[in-house]
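Just below is one structure, and these are the notes that go with it.
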Amino acid sequence: DPSWAQGSGSKTIDDIRARGQLVCGVTAGAAGFSLPDSRGVMRGIDADICRAVAAATLGEADKVRYVPTTVTNRFTALQSGEIDILVRSTTWTLSREANLGLEFAGVYFFDGTGFMVNKSLGVKSSKELNGATICIQPGTSTELAVADYFREHGMKFKPILIQDPAETQNTFISGRCDAYSMDISALASFRFQQGPKKDDYVLLPEVISKEPVGVMVRKGDEKFFDLVRWSMIALLQGEESGVTQANVDQMLDSKDPTIRRMLGLEGDLGKAMGVDNKWAYKILKSVGNFGEIWERNIAPLGISRGINALWTKGGLHYPPPMR
Amino acid sequence: MSQTTTAKISEAAGDPVPSIAGIPAAPITRAPPLAAGAGPLGWARTNLFSSIPSTIVTLVLLILLARWATEFVNWAILHAVWSVPNTATGPDTAACRDAKGIGACWAVISEKYRFILFGRYLYEEQWRPAIVIVLFIGLYVVSAMRQFWRKELILIWITTLTVVGVLMWGGVFGLTYVPQDSWGGLPITLILATFGLACAFPLSILVALGRRATNLPAIRVLCTVYVELIRGVPLITVLFMASVMFPLFMPAGLNPDKLLRAQVAVILFAAAYLAEVVRGGLQTLPKGQYEAADALGLGYWHKTAFIILPQALRLVIPPLVNTFIGFFKDTSLVLIIGLFDLLTAGKVAMADLVWQPYSTEVYLVLAAIYFAFCYVMARYSRGLEQGFSRSTKR
Amino acid sequence: MSGAVLDPRLHPVRAAPRKKLNFSWSDPRFRNIVWQVVILSAVTAVAWFLISNTNRNLEQRRIATGFAFLSRTAGIPIGEHLIDYDPAVSTYGRALLIGVLNTLKVAVVGVVLATLWGTLLGIARLSRNWLVSKLAAVYVEIIRDVPLLLQLLFWYSILQALPAPRQSFHPVPGVFLSNRGVKIPFVEWDEPYWWALLALTVGAVGTWAWSRAATRRQERIGTRPKVWPMAILLMVGFPVAVWAGLGAPFVADVPELRGFDFNGGGTISPEYGALTMGLVIYTAAFIAEIVRSGILAVPTGQWEAAAALGVRRGIILRKIVLPQALRVIIPPMTSQYLNLIKNSSLAVAIGYQDIVSIANTTLNQTGQAIEGIAMVMLVYLVISLSISLFMNWYNGRIALVER
Amino acid sequence: MSQATTIDRANAATCEQPAIILDKVNKWYGAMHVLRDVSMTVSQKERVVVCGPSGSGKSTMIRCINRLEMHQEGRIIVDGTELTDDLRALDTIRREVGMVFQNFNLFPHLTILENCTFAPIWVRKMPKAEAEELAMSYLRRVKIPEQAKKYPGQLSGGQQQRVAIARALCMRPKIMLFDEPTSALDPEMIKEVLDTMIGLAEDGMTMVCVTHEMGFARKVADRVVFMDRGEIVEAGSPASIFEDPQTDRLKQFLSQILRGH
Amino acid sequence: MSQATTIDRANAATCEQPAIILDKVNKWYGAMHVLRDVSMTVSQKERVVVCGPSGSGKSTMIRCINRLEMHQEGRIIVDGTELTDDLRALDTIRREVGMVFQNFNLFPHLTILENCTFAPIWVRKMPKAEAEELAMSYLRRVKIPEQAKKYPGQLSGGQQQRVAIARALCMRPKIMLFDEPTSALDPEMIKEVLDTMIGLAEDGMTMVCVTHEMGFARKVADRVVFMDRGEIVEAGSPASIFEDPQTDRLKQFLSQILRGH
Ligand SMILES: Nc1ncnc2c1ncn2[C@@H]1O[C@H](COP(=O)(O)OP(=O)(O)OP(=O)(O)O)[C@@H](O)[C@H]1O
Ligand SMILES: Nc1ncnc2c1ncn2[C@@H]1O[C@H](COP(=O)(O)OP(=O)(O)OP(=O)(O)O)[C@@H](O)[C@H]1O
Ligand SMILES: [Mg+2]
Ligand SMILES: [Mg+2]
């Protein structure tokens, strides 16, 4: 594409284009977020966001290299330039943004920490968990949230910290832990997957922390930061404006100025960010809008949209105007 | 007395010794009497029931073995679920859920085996890594056979490894290009282990020689520090350095291939361990062998390559194999560079929520694959050891 | 030349002259020096290159480095700790220290048990009972050839399959076996117990002295007096007497099911149990091979020579064969000890919080990955080098004196 | 005596019962027949020298007497006790029979003194001081008391050989078996070792010695036994064996040894 | 010659220049003085036997000639080349000097034939076929051509010893050094090895041999050198040494050897 020839003014974007690939840090395996299917194709909401950014940057959604990262190496990998963006269920916190030389370009999933217990325990509220043994995945913000919660309520607990989520769940099922604390979305999907046995497990009503899950990039490259942030906004705007993968081509005839600006029919929004004007069109064409991504990846896990709905439907996703 | 004794003895001896021209012929040979422990019953008596404690131990062990064996057969074969129906929303694992605890759910393997074996390699092209696995096994078999121990073997290795590279990457001969980051499964394990050990081995020899170079104190200290430092830290931290932190050590822009870096880390690590083993062998070799080679006017490298090392290495085959086996398994740590090796691929396959409850089955299969490779390696080395000692001992 | 040559006075002892260095390429000493200087400078140059790059890169990427985070409040939960820990007030430094102690707890117990079990297996492989020796061989092959991680998961799942606390096994009063681990009764610690502990120490020293005396007596009269009655008296009787003398306070801290779990008493958690068990079982397979090769390396002549003197087999093994086998065994054994300790970092897979687990959490919460990894490396390095040093020292001590 | 395997020991020590009886002993290694109907009787205080070419079964025979090897046919009676599988009887016999190995087999991790006191202390339950005194007396006897604190690896071959003799003597055996005790020594050392053995012989100890030192055989042997291919070919007084060999094989053997150097 | 270290080799081969010159050689192990002002000259084709008690420095001297040990004072000139630190000169000398070790030091992982052809091929760069032919001729010479394909471990001691000789000869050395070539053999084997050496001696090879076999010394030596405590105590023709020893030390030594057995 000739517009790339002059250089975008962003080192990261230049590197990505020179490479012809977006390098995207994801998890090694979390169903619904990023998990290779039986054929080895990476699927999930994280993977789709990577593809959306690739579509915006390179024009093709499939030019993504997925790098599975662990909780240990994810920040270092981004810092050292091993990956371009980190889309790995990472909670947006102050210390992460202040200390690491990294920043959050946007939130795609609003989550919170909750508890799940075995029904037979008869526990109704997390306030009854004093003295319980709790399974937690280490290195996550859940760990701190649970500690804070118990401290706040003057209770004690015994943590069991197991790195591998699947092992954590097995441990919980075996009864080694009384409760399993995790992001509510993960707990819900865990319960959903138990099939007929799902009623054996109870999700306690309290949400003990805010967990906005976002996309991380390195600090110091504002152009790329903008591109990532607005790619995510384009997904939401697409949903708000009813632009889907299926109808995006018909929408090219739309009269709605918002849609026309977004799809690059009017104005120079793309050029301003150093990419093709058709960037949002390409995102929606190849990945679909946020609602579609959700339906494709998260809904099968049995997680309801809840606060992740658009603001128009009582949720928290509120795309700023594309002007 | 002497005469009579002699006469008595030759009478007693029974076999007269006929002699031709002063040189006695060999006396007639008798076969030994049947030993007490002949026949299956006798064998059992001497080997299993030789004393009362021994009999008790034997019986207890036999009963335990029988119980475990039947339980395992029941679970793994008789009550096992071999496949499940596929529905629109994915496989329906109801049958497996019902059998849980009673029978194995092998359906997880039939569903996931390609992912476990080949990772994220392009689905349609997975015949290529399959061939690579076969090639590697063929390479091991050929290298193991003594009649191939000639210069041509190096050629075979180079050719095979080239073919492996072509198959894995593609991009030529009409093969689709498959980038390295989507390689995975068993081929990654084999590549890392084979290259790792093949390169670490020569390096370890140099380090071992360096550690014994009494007249080069600086080199000796360097080698010692290298070995002790590397041996003292876990491989995973070395891999962490090599994979995620490496770009921080290099000038900006210089960023060699990631698999290569991990490979180098594995090599450096394996070399330190192997060097200690080789050093043990060098120490055991008698000084006379060095002196004999010197006295013939051989130079240092000739002496080392043809006299010292062949003997020293034979002495340390068992610990060498211990180390080889260790490293074959340790390649599973490369998840940190984002590659799905065999073990990680297995674990990721189980992250699929549908199959999560059937980890035992997957782990069993993984264990069996690892076991097959390591066991063959151990068996072969034992044969090699005995072969060497047969040829050099009476 | 006469008989006088035998007179040492005519052979004044002369010291060897020192050699001069010759600055020529054909002088091997000169050549060695040149080579070493070249290689050393190359290594130094590479090291300098890497360090300066790292510094520059860190600066450019605005990554904060330093160990200030160690004194910040940790806030992370830790399940097992040998020293007091409270997430609300304790620092990251203390959390990491707990990690080190937890690692040592596994390492020390693991090394001791693996040595015992491995030695037993090695001897079993040489057993005359075919089944025993074959089973030992099968054990070694299977355990050695399957990745440790899988074995740890296996043992952990076995321990998890124990019944829930409410249905726990209850073999002896006060002892409970459940999926929360083994709970054993403990006493409420009071001052007299400290005195009793002191008495036990005194008793142990006394026993040691007594066994020394027994050895001396054996040297004097040939037979060895029994040691164990005195040992029981000193190590059990004496502490109990002290404790009773101080009023025999006894408040049993018996584990008791309250709420979710047992309260009170001492615990061996399933995580610690599975990790230690897995490591011991795995490492023992390697040690068994080493011990076997060590015993086989002692020439049969030594067995024969001792047997020809009429010495019993057990004494031959203990006094003649094992001391000599140790020479062959010690160096590879050192490697196995190092491996066991490093393998303990797999703890994070089964929820035991060793140094790696806590360092991982720390570097995740603080983002100080380089410092975290460097500290893990340092901890392992210090442990490994201490073991290496000790084993080398021991190896040197038992080395045969040769001409 | 064909039924009773053990004879009253007190009696055995005084009366004229032979020290060692080999009766049609046969031994195989696998299919290889290494001892063929070997029969021999050694009386109390007799000194027997065994010679013969390499591989003729000399070592094997001497090791069978100590039951370091098991024979498959025939009977061996040592000091009135027949060698069977009974372990206690075996240990009893081994205490009475000292053996000096061709390659010494000293315990390399023990000092010379400890090598000598080991068996007295652990088998005879002798007090250490007494055992050390005894050991020193034998070390003086073989002329190396000053080496007592060294380790075997620090001694020359001849000295090691003498330690091996002293070690065996410290058990105060009734019978001594020597397997080529001088094969690896230089002439001066050979002489020292042989002098030691001659000293023992003069004290009246029963001795069986495998050696090629014909000087020794001539000087101390009561009887010389010549073996070849697992058989005793000739036996007799030194004079009759050396001066008047009967068989061609012995003649040929002697000619090799005596001629030349 | 005191300045020039190398002499025209072509000349050296023909004229009457000595094969080995030791000039006031001194050697220490740490503080232990093991060679004291040893001076000796061995002419071309001379056969010298070195004897002396154990530990007198015989092996050390012979090893210095091959520079397996380094001397610290004095000069050693072998075949016209002085032994210095110069590596090239050292290799040249070692090619010309063959050595047979006391304990053979054969390469156990190579066949007999490979043991013999190894150095000619890699040091002399001889074609393999030629090297094998040469090796076979020497193996025939020492009467073991039929063992060529076996490994050293499969041979008896005497055969191994002869392989060691053949291996050294295959380099066609000008000088042969033997270090107690018969000390570990049985009498029949000793004879075989000595016969081989006598054969070589008769071909006129320069030989230095450390041995206690006085029969050999009498039969082939041009000169016998007696060492004690690192010094050459006496040297002379076999007749003068054995029949008419001058020093007390030698008299004592000879009395030990010749007396007794
Ligand atoms: N363990 C064994 N297995 C098989 N054959 C053996 C074994 N030990 C000895 N032999 C064989 O038995 C025969 C007799 O051996 P033995 O050692 O008794 O001979 P020897 O007379 O002592 O010879 P030498 O003078 O060389 O010591 C030899 O042919 C030898 O090869
Ligand atoms: N590497 C060494 N370090 C210290 N001392 C040594 C070393 N090698 C030999 N010696 C000593 O040097 C002296 C001379 O030894 P050398 O081997 O030359 O004696 P030898 O005359 O050959 O004796 P033998 O007849 O026993 O072989 C001996 O006292 C010996 O202990
Ligand atoms: Mg023998
Ligand atoms: Mg010598």
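Throughout, a chain's letter reflects where its sequence line sits, starting with A, and its residues are numbered from 1. Reckoned from all heavy atoms, side chains included, excluding hydrogens, waters and symmetry mates.
Around atom CZ of B/R379, no more than 12 heavy atoms belonging to other residues, nucleotides or ligands sit under 6.0 Å away. In this structure, B/R212 places its CZ atom where more than 12 heavy-atom neighbours from other residues, nucleotides or ligands lie under 6.0 Å away.
E/I93 does not touch chain B: none of its heavy atoms, backbone or side chain, sits under 4.5 Å away. For chain B, the nearby parts of E/F107 are the backbone and the side chain; heavy atoms of each come within less than 4.5 Å. Only the side chain of E/R63 comes within less than 4.5 Å of a heavy atom in chain B; its backbone stays farther off. Residue contact with chain B, scored on non-hydrogen atoms closer than 4.5 Å, is absent for E/V100.
Not counting sequence neighbours, the partners of B/L161 by the side chain to side chain contact (heavy atoms under 4.5 Å, CB included) test are B/F136, B/L139, B/W157, B/F195.
In this structure, E/M99 and B/A295 approach most closely via the heavy-atom pair CB-CB, 4.1 Å.
Using a 4.5 Å cut-off between non-hydrogen atoms, the part of residues 114-123 of chain E that approaches chain B consists of E/F118, E/A119, E/W122, E/V123.
Interface summary for chain B: among E/R167, E/R95, E/M171, the most heavy-atom pairs under 4.5 angstrom belong to E/R167.
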Identify all side-chain donor-acceptor contacts of residues 302-312 of chain B below 3.5 Å with residues at least two apart in sequence or on another chain.
from: B/K303; atom 1: NZ; to: B/D294; atom 2: OD1; distance (Å): 3.2
from: B/T304; atom 1: OG1; to: B/Y300; atom 2: O; distance (Å): 2.7
from: B/Q311; atom 1: NE2; to: B/Q289; atom 2: OE1; distance (Å): 3.0
from: B/Q311; atom 1: NE2; to: B/I307; atom 2: O; distance (Å): 3.1
from: B/Q311; atom 1: NE2; to: E/H109; atom 2: ND1; distance (Å): 3.4

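Under the side chain to side chain donor-acceptor pair (under 3.5 Å) criterion, the residue pairs touching residues 129-141 of chain E are E/R141-E/D203, with sequence neighbours excluded.
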